[in-house]
Amino acid sequence: MAHTVTGKNRLITRVRRIKGQADALERALAEEGDCLAVLQQIAAIRGAVNGLMTEVLEGHVREHLGAEGLTPAQRQDEVDALLGVLRSYLK
């Protein structure tokens, strides 16, 4: 997956930010924080994960589905695999 290698540092930075947000959420819950603050933290985490998914997804579509030289059968296999991941993500 070339797109995850070329953007590796940026993606890792996003993941670390998400881990920090998850840690803050855990602390807020452990300390019985304000409900609205907890909900806001959950929304922030969801947004961050969605942003990460969008970035990796865009790279995948450009690198794999948009790749020249794919046969129609190979392209269809890529589409089917990607749709399976998206279905799982959107559940």
Side-chain angles (χ1 to χ4, degrees):
M1 294 191 135
H3 57 281
T4 56
V5 172
T6 57
K8 179 174 73 171
N9 290 335
R10 186 176 58 253
L11 295 173
I12 289 172
T13 298
R14 280 182 172 264
V15 170
R16 287 182 179 149
R17 192 173 306 126
I18 292 166
K19 286 166 67 174
Q21 290 172 316
D23 289 344
L25 174 60
E26 182 180 1
R27 281 191 303 276
L29 290 169
E31 296 168 3
E32 299 177 8
D34 178 65
C35 291
L36 289 177
V38 167
L39 289 169
Q40 183 61 43
Q41 192 64 36
I42 293 168
I45 292 168
R46 182 178 184 192
V49 169
N50 285 343
L52 176 63
M53 180 65 156
T54 300
E55 187 168 343
V56 174
L57 177 62
E58 182 179 340
H60 181 80
V61 168
R62 291 182 189 282
E63 294 277 332
H64 294 275
L65 295 177
E68 293 184 23
L70 289 179
T71 67
Q74 289 171 319
R75 195 171 310 278
Q76 187 60 51
D77 288 344
E78 287 286 343
V79 167
D80 292 342
L82 181 57
L83 289 175
V85 170
L86 287 175
R87 281 188 196 101
S88 174
Y89 180 73
L90 295 172
K91 281 187 178 180

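Side chains are part of it too, since the values below use all heavy atoms of this structure and drop only hydrogens, waters and symmetry mates.
- How far CD1 of Ile18 is from OG1 of Thr13: 11.0 Å, rounded to the nearest 0.5 Å.
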Go through the steps for Leu57 and Val85 under the test side-chain contact (heavy atoms from CB on, under 4.5 Å), then give the verdict.
CA-CA 10 Å; Leu57 177 62; Val85 170; over 6 Å; no
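- Within 6.0 Å of CD on Gln74 lie more than 12 heavy atoms contributed by other residues, nucleotides or ligands.
- In the hydrophobic clustering (ILVMFWY side chains linked at under 4.5 Å, chained through shared members), Leu70 stands by itself.
- The CD atom of Gln76 lies 10.0 Å from the CG atom of Leu65; values are rounded to the nearest 0.5 Å.
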Cut-off 3.5 Å, no hydrogens considered: what does the side-chain donor-acceptor table look like for residues 34-53, sequence neighbours left out?
unit_1 : atom_1 : unit_2 : atom_2 : d
Asp34  : OD2    : Leu36  : N      : 3.2
Asp34  : OD2    : Ala37  : N      : 3.2
Gln41  : NE2    : Gln21  : O      : 3.1
Asn50  : OD1    : Tyr89  : OH     : 2.2
Asn50  : ND2    : Arg46  : O      : 3.4

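- In this structure, Val15 is not a member of the same hydrophobic cluster as Ile12, with clusters built from ILVMFWY side-chain heavy atoms closer than 4.5 Å.
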